[in-house]
Amino acid sequence: MEDYNFIGSIKAKGKYKKTYRDAKQSYLNRIRWAVAMFYFGMGLSFATWASRIPAIKSALNLSDGELGTILFALPIGQLTMMFFSGKLVTRFGSDRILPFAILMYAFSLTNIGLAQNAWQLALGLISFGIFGNLANISVNTQGIYTEGLFRRAILSSFHGMWSLAGFTGALVGLGMLALNITTYIHFVIVAAVVVVLVVINFKYLIKAKEKVRPEKKKTFRKPDMSLILLGVIGFCSMASEGIMFDWSGVYFKDIVKAPDSLVVLGYTSFMIMMASGRFFGGHLIDRFGRKTVMQISGLMISSGLFMAVFFPYIIPCTIAFMIVGLGVSTVIPTLYSIAGKHPTIPTGEALTAVSSVSFLGFLMGPPVIGHISEQFGLQFSFGFIGLFGFLIAFLVKRVKAFE
C-alpha cells in the first residue's frame, strides 16, 4: 500500500487542510483536471516543436551534425535553469511559477518559428529549454501534491495527458503541413491554445509551498544513492524518448524513405502507445509489481530500437516505435512517484533531483544522436540508444524501492 504521509511535508498556505483535505470530491476532481491541462499544454508545446523539426532542418539546410549541434541549445537552457527552478518553486510556490513558466514556454515556441538561420534557432531553443525546465519542475510538483490529496497513484495519468498532447501535436502538425501553414503561424496557433488553457485552469492549482528548514541548510547532505540511481534510470528512459521526438521523423524520411505524407507515422505510433501505456500503467504495476514492469519496460525499449535498426521499412519500423512507446510509458511516472514519497528528503528537492537528471537525457540524447549519426549513420545511433534499455533493466535491481 502506498505511503502518502509525505503530504505532511507541505506547509499550509492559507487554509490548506480545510480547502483541500475536507473538500468535496467534485472540487478535487476539478483540481486534478486543471493540473492535467497544464501537463497537456506542456506536451502540446513540445510536440509542436518536434513535429516541425524535419521541416526546419530542410528550411535551414542543416546536416545531421549541424542539427545535432543546434539541438544542444535545449540542454544548455535546461542546465542554466536547473539550479534555480527548485529554489524558485520553493520560494514562491508552484501555483505561481507554473502559469508564468508555461506562458513563457509557449512564447519561446513562437520565437523558434521566426528563426531564419542556425544561431537564431539556437537562441530560441535555449529560451525554450529554460522555461521548459521551470515548467517541468512546477507541473510535477503540482502533480505530486494532487496525488497526495487523492491518496492513490494518479501521477501516471498526468504523464498520460502529456503523451496524449504529444499525439495531438503530431496530428495537428500533420494537418498544418498538409494545409501548407508556415511554421511560425503553426506555433502561434498552438501558443494561443496554451494561453486559453492557462486562463481557464490556473485558479484551481494547489496553493501550497514546501517547508523550508533553515537549520538543515548548514549541514552537508550526502547525495542519496537511491535518488541518483532513479535519476540515471530516468536519464536512460528519457534519452530513448527524446530521440523518438526529435529524430523519428528524420529516421522515417532518410532511412525508411517514407513518402512525405507518412513521415510522422513513426512518431505518431510511438505517441499513441506511450499515452496508452501511461493511462493503463497503474493497473499493470498493481498486478505485476513495479520491479517486473520496469524491467520489461527496459527490454521493450531495447528490442524496439534494435528492430527499427535491423528492419528499416515502414511497417516493421512503425511496430518497433510502438514497442518503444510502450516501453518508456511507465518508467518516468513510476520514478517521480517514488521520488516524491522519499521518507527523509522533502518532495520538491527529491523531485527536482530526479526529474532534472532524467530530463537531461531527454534533451542531450537527441543532439548526441546527431553527432554519432554524422560519423556512423542514423541507424547506428538508434542502436546505441537501444543499449540504454538493457541498462534500465539492470539498474532496477539496485533500487530497493522497486521491491
Side-chain angles (χ1 to χ4, degrees), residues 29-56 74 77 94-115 121 124-125 127-140 142-143 146 157-205 241 244-246 248-249 264 267-268 270-272 274-276 278-279 359 362:
N29 290 338
R30 184 63 182 87
I31 292 173
R32 181 178 179 178
W33 178 254
V35 174
M37 287 299 97
F38 276 89
Y39 275 90
F40 187 89
M42 281 194 63
L44 182 63
S45 297
F46 191 86
T48 298
W49 144 248
S51 71
R52 283 284 185 162
I53 288 176
I56 292 174
L74 265 173
S94 56
D95 61 296
R96 294 181 178 179
I97 295 296
L98 179 54
F100 165 77
I102 196 170
L103 288 175
M104 292 304 298
Y105 191 51
F107 178 70
S108 299
L109 174 68
T110 64
N111 286 339
I112 293 174
L114 292 173
L121 178 60
L125 290 176
S127 176
F128 201 53
I130 288 174
F131 291 109
N133 177 266
L134 186 59
N136 178 53
I137 298 302
S138 302
V139 77
N140 278 294
Q142 282 287 316
T146 307
S157 67
F158 287 141
H159 286 260
M161 289 299 294
W162 193 95
S163 301
L164 181 61
F167 172 61
T168 302
L171 289 181
V172 172
L174 182 62
M176 294 292 181
L177 289 171
L179 295 172
N180 293 318
I181 303 297
T182 65
T183 299
Y184 177 67
I185 296 301
H186 177 189
F187 288 0
V188 168
I189 291 173
V190 171
V193 172
V194 173
V195 170
V196 172
L197 291 177
V198 172
V199 170
I200 293 175
N201 295 290
F202 80 95
K203 63 182 178 180
Y204 294 100
L205 294 176
E241 191 175 324
M244 290 290 101
F245 275 97
D246 288 3
S248 59
V264 298
Y267 171 81
T268 303
F270 164 79
M271 290 304 307
I272 290 174
M274 183 168 72
S276 300
R278 285 179 169 172
F279 282 120
F359 214 69
F362 189 72

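One is the number of the first residue; the rest follow in order along the sequence.
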| Sub-4.5 Å side-chain heavy-atom contact between Thr268 and Ile272 | yes

| field | Nearest-0.5 Å distance that lies between atom CG in Leu44 and atom CH2 in Trp162 | value | 10.5 Å

| Are side-chain heavy atoms of Val198 and Met37 found at a separation under 4.5 Å? | no

| query | Nearest 0.5 Å, what's the CG-CG distance between Asn133 and Leu74? | reply | 11.5 Å

| message | With a 4.5 Å cut-off on side-chain heavy atoms, are Met176 and Ser51 touching? | response | no

| said: Are the side chains of Asn201 and Trp33 in contact, using a 4.5 Å heavy-atom criterion? | reply: yes

| field | Distance-minimising heavy-atom pair for Val35 and Leu205 | value | CG2-CD2, 4.2 Å

| message | Applying the side-chain contact (heavy atoms from CB on, under 4.5 Å) criterion to Val188, which one of Thr182, Thr110, Thr183 satisfies it? | response | Thr110

| message | Just verifying a value: how many Å separate Arg96 CZ and Ser138 OG, rounded to the nearest 0.5 Å? | response | 13.0 Å

| At what distance, to the nearest 0.5 angstrom, does CG of Leu109 lie from CH2 of Trp49? | 9.5 Å

| said: Whether the side chain of Asn140 engages the backbone of Asn136 through a donor-acceptor N/O pair (distance < 3.5 Å, no angle test) should be reported. | reply: yes

| said: Just so I know, are the side chains of His186 and Leu177 near enough to count as touching, which here means a heavy-atom distance under 4.5 Å? | reply: no

| remark: Of all heavy-atom pairs linking Ala47 and Ala165, the shortest is CB-O, 4.1 Å

| query | Taking atom CZ of Phe40 and atom OG of Ser45, what is their separation to the nearest 0.5 Å? | reply | 10.0 Å

| Given the rule in the side-chain contact (heavy atoms from CB on, under 4.5 Å) test, do Leu134 and Ile97 qualify, once you have shown the distances and angles that lead to the verdict? | CA-CA 8 Å; Leu134 186 59; Ile97 295 296; 3.5 Å; yes

| request: Give the intermediate values and the outcome of side-chain contact (heavy atoms from CB on, under 4.5 Å) for residues Met244 and Tyr267. | output: CA-CA 6 Å; Met244 290 290 101; Tyr267 171 81; 5.6 Å; no

| task | Taking the side chain as every heavy atom from C-beta outward, state whether Thr146 and Phe158 have any pair of such atoms under 4.5 Å apart. | result | yes

| task | Could you grab the distance from atom CG of Leu164 to atom CE of Met274, nearest 0.5 Å is fine? | result | 10.5 Å

| field | Neighbour count above 12 (heavy atom, 6.0 Å) for Phe107 CZ | value | no

| message | Quick check: closest heavy atoms across Pro99 and Ser94, and the distance to 0.1 Å? | response | CD-O, 4.2 Å

| note | Across all chains, not counting sequence neighbours, the salt bridge (Lys or Arg N to Asp or Glu O under 4.0 Å) partners of Arg278 are Glu241

| task | Taking all non-hydrogen atoms of both residues into account, name the closest pair between Met42 and Tyr105 and its distance. | result | O-CE2, 3.7 Å

| request: Name the orientation class of the two ring planes belonging to Phe128 and Phe46 (parallel below 30°, tilted from 30 to 60°, perpendicular beyond 60°). | output: parallel

| note | In short, Ala50 meets Pro54 closest at the heavy-atom pair O-CD, 4.0 Å

| query | Got Ser108 and Ile130 here, is their nearest side-chain heavy-atom distance under 4.5 Å? | reply | no

| field | For Gly160 against Ala275, the heavy-atom pair lying closest together | value | O-CB, 4.1 Å

| Do the side chains of Phe187 and Leu114 get nearer than 4.5 Å, heavy atoms only? | no

